[in-house]
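Remember, predicted model here, so these are calculated numbers, not experimental data.
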Amino acid sequence: CLVGSEMCIRDSISILTGCNETSEQKLETNISESIHIDDNGAALVCTTDYDYTELKYVLGSKYVVFANDNGKVTKVVSREIISSTDKTKLDEFESYLNENHTAALQYNGYTYDVKRENNQVISDVTIDYGEFDIKKFAEENESADIDGELTVDSIETKYVSLGAKCERK
């Protein structure tokens, strides 16, 4: 998974949740449209929406990428919202996200907040690449697929490959 990207969780969550009966209550899709993150000065904004209503949840994310004049990523701010009518699923997501984010704290410059509101688990993450040890992260996480500096071009390519819609600012 790419640093700053929670999109990798999409595949992990599918495995974590397994198959369940379809919920009778309709879940709102296109969650990313309702996510507000200040993108003033951003270089790139990417959004994702995944509809897993057959597994009783939907997932929406927004990633705001900031960069210097040379296109080197300086910060990524993201919000991911998982909605479900199944309390057990929400418990699993909340636990998984807390464990996943806690492990990333060792690289510095990484802050997160996971909270539960109504039928949602909301995950907010900020990665400050001025402090984040990207070299250590890349060495310890082969799936990170990072060679050298993280650029707007490389992060956009990765996000799009994972199904995101991106807009240059």
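A disulfide bond (SG atoms under 2.5 Å apart) check over residues 96-135, counting only residues at least two apart or in different chains, returns nothing. Sorted pairs that involve residues 93-132 and meet disulfide bond (SG atoms under 2.5 Å apart), not counting sequence neighbours, are lacking altogether. Applying the disulfide bond (SG atoms under 2.5 Å apart) test to pairs two or more places apart or on separate chains, none has a residue in residues 73-125. Listed by first then second residue, pairs satisfying salt bridge (charged side-chain N to carboxylate O under 4.0 Å, His left out) with a partner in residues 35-48 read D39-K169, not counting sequence neighbours. Pairs of residues two or more places apart, or lying in two chains, that qualify as disulfide bond (SG atoms under 2.5 Å apart) and include a residue from residues 38-122 are C46-C166.
Counting heavy-atom neighbours within 6.0 Å of K72 NZ, excluding the residue itself, gives a total of 12 or less.
If you take CG on L162 and OH on Y50, they are separated by 6.0 Å, rounding to the nearest 0.5 Å. Rounding to the nearest 0.5 Å places NZ of K56 at 7.0 Å from NZ of K89. Between atom OG of residue S83 and atom CG of residue N118 there is a gap of 9.5 Å, rounded to the nearest 0.5 Å. For the atom pair OG1 (T47) and CZ (R79), the distance works out to 15.0 Å, reported to the nearest 0.5 Å. The CZ atom of F137 sits 7.5 Å away from atom CD1 of I127, with the distance rounded to the nearest 0.5 Å. Here R116 contributes atom CZ and I122 contributes atom CD1; the two are 11.0 Å apart, rounded to the nearest 0.5 Å.
In this structure, the side chain to side chain contact (heavy atoms under 4.5 Å, CB included) partners of S95, at least two apart in sequence or on a different chain, are E99. Partners of K135 under the side chain to side chain contact (heavy atoms under 4.5 Å, CB included) rule, at least two apart in sequence or in another chain, are D133, E139. With sequence neighbours left out, the side chain to side chain donor-acceptor pair (under 3.5 Å) criterion links T88 to no other residue. The side chain to side chain contact (heavy atoms under 4.5 Å, CB included) search around T126 returns K75, V77, T111, not counting sequence neighbours. With sequence neighbours excluded, the residues satisfying side chain to side chain contact (heavy atoms under 4.5 Å, CB included) with D128 are E131.
Note: Y129 and F132 meet the aromatic proximity criterion, with ring centroids under 6.0 Å apart.
Side-chain atoms of V76 and L150, non-hydrogen and from C-beta on, never get closer than 4.5 Å to each other. Put simply, the side chain of L90 does not reach to within 4.5 Å of the side chain of Y57, judged on heavy atoms. You'll find the side chain of L59 stays beyond 4.5 Å of the side chain of F93, heavy atoms only.
A donor-acceptor pair is defined here as one N or O able to donate and one able to accept, closer than 3.5 Å; no such pair exists between the side chain of S61 and the backbone of T48.
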Which side-chain N or O atoms in residues 30-37 pair as donor and acceptor under 3.5 Å with protein atoms at least two apart or in another chain?
from	atom 1	to	atom 2	distance (Å)
S32	OG	D49	OD2	2.5
S34	OG	I31	O	2.8

Can you give each donor-acceptor pair under 3.5 Å made by side-chain atoms of residues 102-109, sequence neighbours left out, with the distance rounded to 0.1 Å?
from	atom 1	to	atom 2	distance (Å)
T102	OG1	N98	O	2.6
T102	OG1	Y112	OH	2.8
Q106	NE2	A103	O	3.1
Y107	OH	E140	OE1	2.7
Y107	OH	N141	ND2	3.2

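Side-chain atoms of T151 and D153 form no donor-acceptor pair, as typed in the model, at a separation below 3.5 Å.
Each of L97, D124, V125 was checked for a side chain to side chain contact (heavy atoms under 4.5 Å, CB included) with E80, and the lone residue meeting it is L97.
Contact between N68 and T74 at its shortest, heavy atoms only, is N-CG2, 3.7 Å.
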Self-check item: CA sep, side-chain torsions, deciding dist, call: Y63, I155, side-chain contact (heavy atoms from CB on, under 4.5 Å)
Solution: CA-CA 10 Å; Y63 307 91; I155 203 167; over 6 Å; no
